[in-house]
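Notes to accompany the following structure.
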Amino acid sequence: MNSIREACTNMKHEHNQCFNFLKGDGSEDPYDDLFKSYQQCIQKSVKEKEIPIERLEFMGHGKEKPENSS
Amino acid sequence: MVKYFLGQSVLRSSWDQVFAAFWQRYPNPYSKHVLTEDIVHREVTPDQKLLSRRLLTKTNRMPRWAERLFPANVAHSVYILEDSVVDPQNQTMTTFTWNINHARLMVVEERCVYRVNSDNSGWTEIRREAWVSSSLFGVSRAVQEFGLARFKSNVTKTMKGFEYILAKLQGEAPSKTLVETAKEAKEKAKETALAATEKAKDLASKAATKQQQQQQQQYV
């Protein structure tokens, strides 16, 4: 699956392969570095397209959504 | 006004497997509309939960009538954020997904909870809720309210115009106040009604007299 910035696609795949949360690898360093360089790579496209990734609250608006609002 | 959706699905795979598949699900034969995928944030909380934010771009497929109404939206892909919280100890995962552009046209928000199936611990159940909203709904209500307000204002003008012309036709100076005009209109109406009643009475009595005369002539 392509990255938003084509040049980062390979980096993305490398990062994905290294990620193994459930197994709880003690060795986080290689993953962290990979993640950092992958993030730096895509930042260019994210900024160019002005996608407000950081400014949006995690998990949406944080307020409890009404079950039935129709 | 928001449209609400609630659904429940079951995947016949373990929670661990579903968790792994969640991160690898693109591309697949059913995801041709998904163009790009990137993890843009990841952290592990002190209580060992995994927080992630995934950025997706998807094609913006609209029906023809929508393309004609919203031409500016046609050329742009949709940016979607998918936030997730994974609690491996309790084996639950919650996701919240929504579009961050085209929002003035429509917002779709989806909240999923992935849990071990209550009947079969080797399966995973997904509770899915969604909310579809559009600010266009607010626009149509505003148009209606504006239409009604303007109509009411025009009714006032209509009535004032009538009274003005009536006053003019009745030979009165148009500069008379509305109250006076209205009062005079009322008085005039009263007089007319009174005159009509008198006339009706008169006609009725005349008719009665004529009938009597006709009856008398018949016996001659």
Side-chain angles (χ1 to χ4, degrees), chain A, chain B residues 1-6 15-17 19-20 22-28 31 34-44 48-57 76-77 79-86 88-89 91 94-98 100-101 103 107 109-111 129-133:
Chain A
M1 184 83 240
N2 285 340
S3 165
I4 196 168
R5 192 166 163 227
E6 270 190 62
C8 313
T9 302
N10 284 334
M11 212 178 286
K12 181 181 92 118
H13 290 146
E14 271 185 52
H15 153 270
N16 285 356
Q17 275 163 6
C18 192
F19 178 68
N20 211 333
F21 176 68
L22 286 184
K23 300 278 161 75
D25 296 288
S27 55
E28 283 170 13
D29 292 339
Y31 175 76
D32 279 352
D33 289 341
L34 266 178
F35 185 64
K36 271 194 192 122
S37 30
Y38 164 48
Q39 290 297 288
Q40 273 166 7
C41 185
I42 60 172
Q43 271 314 300
K44 184 161 182 272
S45 280
V46 167
K47 292 233 153 67
E48 257 170 34
K49 295 173 199 272
E50 295 179 350
I51 306 171
I53 292 174
E54 297 305 315
R55 280 188 277 122
L56 294 165
E57 223 182 299
F58 189 68
M59 293 304 270
H61 318 290
K63 62 180 186 245
E64 263 313 296
K65 296 228 76 147
E67 285 250 335
N68 199 338
S69 324
S70 57
Chain B
M1 187 169 138
V2 180
K3 281 291 186 187
Y4 176 73
F5 169 91
L6 172 62
W15 193 86
D16 282 11
Q17 289 173 322
F19 169 77
F22 181 73
W23 299 110
Q24 300 172 60
R25 72 182 192 276
Y26 298 126
N28 70 69
S31 70
V34 181
L35 303 170
T36 73
E37 169 207 33
D38 286 284
I39 309 270
V40 296
H41 181 82
R42 198 153 241 174
E43 74 180 79
V44 180
Q48 299 304 302
K49 290 194 181 144
L50 174 69
L51 310 183
S52 311
R53 173 164 275 183
R54 192 152 42 167
L55 169 68
L56 303 165
T57 65
H76 298 106
S77 314
Y79 295 134
I80 288 154
L81 286 184
E82 175 208 82
D83 287 350
S84 54
V85 179
V86 182
Q89 270 133 28
Q91 292 193 303
T94 305
T95 68
F96 189 76
T97 308
W98 78 107
I100 59 178
N101 65 343
V107 174
E109 295 161 299
E110 177 204 64
R111 187 172 182 273
E129 289 177 287
W131 298 267
V132 181
S133 56

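Quick note on labels: first sequence line is chain A, next is B, and so on, each numbered from 1.
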Which of the residues [options] is involved in the greatest number of heavy-atom pairs with chain A at under 4.5 angstrom?
{"options": "B:Q48, B:Q24, B:R42, B:E82", "result": "B:R42"}
{"options": "B:L81, B:T57, B:L35, B:T97", "result": "B:L35"}
{"options": "B:V34, B:T95, B:I39", "result": "B:I39"}

Checklist entry - For A:I42, is it the side chain, the backbone, both, or neither that has a heavy atom closer than 4.5 Å to a heavy atom of chain B? => result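 Contact with chain B involves the side chain of A:I42 alone.
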Next on the checklist: Shorter than 4.5 Å, heavy atoms on both sides: which option in A:T9, A:L56, A:V46 has the most such pairs with chain B?
Outcome noted: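 Sorted descending by pairs with chain B, the first entry is A:L56.
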Tell me, yes or no, whether the heavy-atom count around [X] atom [atom1], taken from other residues, nucleotides or ligands under 6.0 Å, exceeds 12.
{"X": "B:H76", "atom1": "NE2", "answer": "no"}
{"X": "A:E48", "atom1": "CD", "answer": "yes"}
{"X": "B:E43", "atom1": "CD", "answer": "yes"}

Next on the checklist: Could you measure the distance from the CD1 atom of B:I100 to the CD1 atom of A:I53? Nearest 0.5 Å is fine.
Outcome noted: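 B:I100 CD1 to A:I53 CD1: 6.5 Å, rounded to 0.5 Å.
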Non-hydrogen atoms of [X] and [Y] that approach each other most closely:
{"X": "A:M59", "Y": "B:R53", "answer": "N-NH2, 4.4 Å"}
{"X": "A:Q39", "Y": "B:H41", "answer": "OE1-N, 4.3 Å"}
{"X": "B:Y26", "Y": "A:M1", "answer": "CB-SD, 3.4 Å"}
{"X": "A:E57", "Y": "B:W98", "answer": "O-CH2, 3.9 Å"}
{"X": "A:S3", "Y": "B:D38", "answer": "OG-OD1, 2.7 Å"}

Checklist entry - Out of B:V40, B:L56, B:T36, which one pairs with A:I4 under the side chain to side chain contact (heavy atoms under 4.5 Å, CB included) rule? => result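 The single option meeting the side chain to side chain contact (heavy atoms under 4.5 Å, CB included) with A:I4 is B:T36.
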Need one label for [X]: side chain, backbone, both or neither, based on atoms under 4.5 Å from any heavy atom in chain A.
{"X": "B:L50", "value": "both"}
{"X": "B:S52", "value": "backbone"}
{"X": "B:S133", "value": "neither"}

Next on the checklist: Using only atom types and a distance under 3.5 Å, with no angle test, would you say the side chain of B:Y79 pairs donor to acceptor with the backbone of A:P52?
Outcome noted: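 Side chain of B:Y79 to backbone of A:P52, a donor-acceptor pair under 3.5 Å: no, none is there.
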